[in-house]
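Here's the structure, in structure tokens; my notes come after.
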Amino acid sequence: MSFSLARGGSTTRANVYAGTSAPSAPGTQRTTRPIVTGTSVIGIKYAGGVMLAADTLASYGGMAKYKNAQRLVSVNPKTLIGGGGEYSDFQSLTDLLRANALQDSCTADSLYAEEDGAEECAREVWNYIRAVMYNRRNKMNPLWNDIVVAGFAQDKDGSTGEPFLGLVDKIGTAYGDDMIATGFGSYLALPILREKYRADLEEGEARALLEDCMRVLFYRDCRASNRIQIAKVTKEDGVLISEPYELDTSWDSASFVVPKGELEGDGGW
Amino acid sequence: VTQGREMASTHHHDKTSQQSKQHSTFSFRMKANILLLLLFFASFSSVLSKFDPYQINGGLVTAIAGPTYVIFATDTRLTDGGYEIKSRSYTSSRLWNALGESTDDALLTDVTSQGTFVASAGCAADCEALKRIVQTELSARSFLSVSNAATLLGQVLYSKRSFPFYSFCVLGGLKGKRGAVYVYDAIGSFEQVAVGCAGTGREMMQPVLDRFFSSSSCRRDGTAEYRRDGKAVLAEHQQVGSVTLQPPVQTYVDCEVEEAVGMVVKAYQAVCEREIGVGDEVSVCVVKSSSEGRG
């Protein structure tokens with residue numbers, strides 16, 4: 001920013017991104033901040049496959065605007081993705097992935113979907129999403145999402161391999177792990193998931209664990225709701241996404257009855 | 001903000017034309033006030049949150065060049081730059097085979113005695129993209145030596161000088177029988193060293209490594225002799241054009257492999273105590289001139 005007294009105090013136009021060249025063509029726009037957002041998505045591997053959970057709320061800033069937003073979506077019969085962050089970007093990414101899946105199935109060698117390996121496995125989808133997100137980040141116009149990818153990896157001979165759970169964030173950071181959480185969930189739910197995870201978790205146990213985490217998120221995340229969906233990917237059945245349902249909550253625990261911030265107490269410290 | 005500036009300057013023009021007969025100090029004060037107003041508006045552009053294409057994901061990578069081996073080490077913690085640990089077992093873009101395929105198994109399956117490995121830390125998204133670009137470049141050519149690969153990595157990094165890969169690397173491999181290690185900054189400056197590290201906590205790691213691997217700590221009588229390669233030139237003899245530029249410093253350490261690995265792990269334990277971006281597990285890879293092993 002240079003101030004010129006000679007020109008009567010007007011400044012030169014400063015480019016905010018001084019080091020990066022990102023010229024916008026007239027009429028195009030770039031993402032500057034998310035408007036309609038989904039909050040956490042959490043996921044865990046269990047004995048039979050991978051399970052994800054997310055609530056069905058899309059917030060408009062502080063307003064709980066869309067209460068039935070589907071944030072867990074199947075990309076193809078083998079791969080499930082969940083998205084937090086800007087909901088329109090998530091929809092656009094889902095459209096892209098579904099178009100790819102349709103193209104794959106239409107150009108496959110076999111008419112029967114089960115026979116060939118044309119469907120992308122979760123690991124492929126995860127890698128592809130990484131490339132998409134990184135590309136958009138390089139243009140300084142990101143898809144403002146944290147995407148969780150769940151399914152199975154594919155062995156070299158095309159058979160279904162190990163369960164796969166991975167995350168891609170809006171700048172293209174991609175990693176896989178046994179338990180994943182985005183947004184607020186990474187602070188509140190991930191420690192619980194890390195504590196309780198075992199490689200031989202039963203489906204019921206995994207579901208109960210995810211529901212507990214979603215309950216904690218509803219208690220403490222302002223942008224969460226108790227109307228959730230659970231989805232799982234298994235070798236036999238592929239992707240199954242539940243209908244939304246409401247978690248029952250309990251508000252009579254001591255720290256809700258007498259909030260920690262009360263002056264009479266120790267203030268929570 | 002732009003509109004504010006234009007409005008302010010228009011306002012200023014009106015004022016000066018009206019006040020053209022006023023005393024000069026008064027109009028100067030008007031200009032100063034306008035400047036302050038513009039400065040106030042301008043400061044908002046940095047206060048409003050904007051998209052940051054970088055994230056410092058932590059990680060500390062190390063490479064040691066030995067007489068018949070190269071050791072690579074990395075921690076496996078992936079952070080969000082703050083207090084969140086995204087993963088405790090991240091190795092994908094931390095340690096990779098420069099000639100391998102783009103999978104996590106490349107380290108285990110594609111290892112040969114001629115392997116050139118790169119360990120990189122910084123922004124994991126950039127490190128992953130860098131890994132893919134370098135692997136593509138190197139696999140498209142017939143076998144390249146370590147020094148060729150080192151120059152190529154420097155060139156790839158510099159090619160993004162205007163929007164850098166936030167990726168701090170160490171590269172290493174066997175040059176004949178001896179290990180060779182190069183250390184980089186994010187825009188492609190590199191040099192050959194005996195012990196090199198990069199990433200979060202480098203300031204804590206490098207002095208520890210320098211001390212652990214200095215010749216004086218290997219000698220019992222406490223005297224220090226600066227080890228030199230056969231081609232090394234004393235600083236006082238270096239003149240422009242007189243000799244080819246070789247580093248006049250130690251380019252390999254004087255240790256057995258097991259001792260060296262032990263010291264590297266000890267150094268990591270020291271850094272992990274005080275650096276939050278480094279921790280969880282340490283992954284060590286050893287490239288030996290006759291056979292390979294992964295720790």
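Letters A, B, ... are given to chains in the order of the sequence lines, protein chains preceding strands, and every chain is numbered from 1.
A salt bridge links B:R94 to B:D75: at least one charged side-chain nitrogen sits closer than 4.0 Å to a carboxylate oxygen. Under 4.0 Å is where a charged nitrogen must lie from a carboxylate oxygen, and between B:K86 and A:D169 at least one such pair does.
Judged by distance alone, with hydrogens and angles left aside, the side-chain atoms of A:D212 form no donor-acceptor pair with the main-chain N or O of A:R215 at under 3.5 Å.
Across B:T200 and B:G58, no two heavy atoms sit closer than the pair OG1-CA, 3.2 Å.
Between chain A and the residues B:I85, B:D80, B:N57, the most heavy-atom pairs under 4.5 angstrom are made by B:I85.
For chain A, no part of B:C127 is nearby; none of its heavy atoms comes within less than 4.5 Å. Of the atoms belonging to B:D126, heavy atoms from both backbone and side chain fall under 4.5 Å from chain A. At a 4.5 Å heavy-atom cutoff, the contact between A:L190 and chain B is made by side-chain atoms alone.
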